[in-house]
Each structure stands twice: as C-alpha cells, then as structure tokens.
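Only one structure is covered here, and it is reproduced in the block below.
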Amino acid sequence: MGEIDQEKVAIKAYPLGICAGVDYAWKHARKFLEEDGQAYIIGGNMVNNNLIVKDLRQRGGISVETVHEVPDGAIAYRTAHGGSDAELDILRKKGALVRDFTCLLVANVYDRFNRALAAAAEFGLEPSLLYVCKPDLKHREVAGVVEQFRDHLTIVPHEVPIEELREEEGKYYAIDSQTTMNVEEVRAIVSRMKEIIPSAKTALTNRAGICFATFNRQNALNAVLAEQPDQLLVFGSTISSNTKELVKIGKNAGVETHLLETGALVTEDLVRGHLRVAVSGGASVPIEEPNIAMERLAALGYESRTISAAKERDFFADKIQPPVHDFRNG
Ligand code: SF4
C-alpha cells in the first residue's frame, strides 16, 4: 500500500452497494439453482447488475424475456422486480414450478394498491390508483404493476400530466410509486398531486413508494456531495434504475461522475488530478466492487473516510423463504 497523501481523500457514501432485496434474490437463486440444475429467469435479469446476471447464467439460469418462452413443465424464477397475476396464470397453464424471488419492498407496492382496492370497495367508491414512475414503462417492476392494476391505474406523469389530474366525486384515490425513483423529484410530484387531490392516500409520507435502500443510498450520496468532492465514482450497471439515479444526482451537483461496473476499473489515470474522490454504489452491485475501489484508492495514497447516513441491518435472506407455486400436477 502506498503512503497516504494528506491532501487526498476517498469518501465512501454509506449505505452503498447490494440491498436487502438483491441479497435475498441472489442468495436464494444461487442456492436453488444447485438443487434445480437449471431454471428460466423471467425478464432475463434476476436483479439489474451484469455481474450477478452472469453469475446466475453460469449456474444454470436461462434468461427469457417473457413467460411465453418458458417451456411446459419447466422451472421458472420470478425476479426481484416481481410480476403480475396474469403472468402466474400463464405459468399455471404451462404446468411450471415457479420460485418467486420478488423483493418484499416491491411486493409492498402490490399490497398497498390491493388494500386501496379493498378500501374503495368497502366505501362503495370507484378506485383510482395513481402510480408515479420513470418514463421506461418496460422496466420489469413498472410493467408488472401496470399489468396487475391496469383497470384502475393512472401512470403519472407519463400517461396523464400532473396538472391535468382532477379530484372527482365518488372516487377513492391512492398514490404509490416505483421503488427506485429520485427522492426529491417524487416529493415534489406527490406534494403537487396532493394539492390537486387532497383526499389521496399516499404510500409513505416522505417518499411515496421509494424503498429504504434507494432512499438511504441517495441520502448518503447527498451527504458526501456536501463535502464537495471533485470526482464521484458510482458502482453498478447501466441497466440499474437506482444506480442511474445516483449518477444523475452526482452530475446535477456538477461533479465529474463515472459509472463503473467493477472496482478493478479504478486506476491512477482515472483519478489523476482529483484530490477528493467520492465512492457510491447502486443497490444491485456486489459490495466487493466499491470496497475494491476504496482499497485501490488507498493504495494510490488516498485517506479513506466513510460518511454514514443510515444504519442498514434489515437484510431478510436468512429469515424469509421465497414462495413456491408448484403447478406441475395441475
Ligand atoms: S432497490 Fe429496493 S426495491 Fe429494489 S431490490 Fe433493493 S430493496 Fe428491493
């Protein structure tokens, strides 16, 4: 390891890297692939990280875009992004065995909307579910929610712009969101929606449906950005929605920002001329990658610091077994 240069500092934004939901899906998928030998992964990516996708492929995971590609009687894995009941019905007809690795935080969105439907029925009102999401409606999490609740769902702001929303008599309104959105953007959107529709029930008061992992990583990054780094290294994949949010936050703060897949990509050339390097990582990147980056920065003479925005201990892979739907015998 090289000598520490008093002027050079590497600041890690904690929490960073793999979240409880990705840990759950990845650990259980690895374990069950040992038992199952091979399985069809619906939507291709168990989680949105290329290293993990590759790891599962090497262990027997076969990526398929839709449930229609799952052969009759095969074993299929539902990913951390969840999916609709309609998908499950198709797999039932195919006589598949389905292991469900949906993240509990994604499942919570379904639960809250289902509770809103039940409450609307109880009060004799027409349900109106307002779903705030990013423009990519093909993202697995978004596509699943939209398919499940299509009959009562309005996608905001892509289907109906916020300013065109109106509160109507006889309706029961509920607001929820994609789990990996930008916290500040969602706060602004939901607050305006509540001004227009005061009766709307909001999922989580300060962040709509954004999960705690996304919330914590964005808060941690903002705390590190307050230390005025001159370079930000975000670890994760370009396919990861919450990782892209971290990159956007860095760029919006005017900091030179790089999205890197692995810690090994940290080189002297990359950080040359930068005294304060910030390190963050999306919720799907294995924690080894930002850790390797910190080690490489230390070897290049950077003093290591961590700024912690939250304690994250609520990992659930060891406590919860993924549900199984065995449709093989009709
Ligand atoms: S980012 Fe959030 S919703 Fe996505 S897997 Fe992690 S905990 Fe679950």
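FYI, side chains are in, hydrogens and waters are out, and symmetry mates aren't considered; it's all heavy atoms of this structure. Whatever order the structure lists ligands and atoms in, that order sets their numbers, starting from 1.
Between Tyr77 and Asp100, the side chains place no donor N or O within less than 3.5 Å of an acceptor N or O (distance only, hydrogens not considered).
With Lys94 contributing its side chain and Val70 its backbone, the two residues share a donor-acceptor pair below 3.5 Å. Side-chain atoms of Gln218 come within 3.5 Å of backbone atoms of Val183 as a donor-acceptor pair (strictly under, hydrogens ignored). Under a 3.5 Å cut-off, the side chain of Arg276 and the backbone N or O of Glu227 do form a donor-acceptor pair.
A cation-pi geometry, defined here as NZ or CZ lying under 6.0 Å from the six-membered ring centre and within 45° of its normal, holds between Arg207 and Phe215.
Each protein N/O/S atom under 2.8 Å from atom 2 (Fe) of ligand 1 was counted, for a total of 1.
Taking the six-membered ring where the residue is Trp, His28 and Phe101 present parallel rings, their angle staying beneath 30° rather than reaching 60°.
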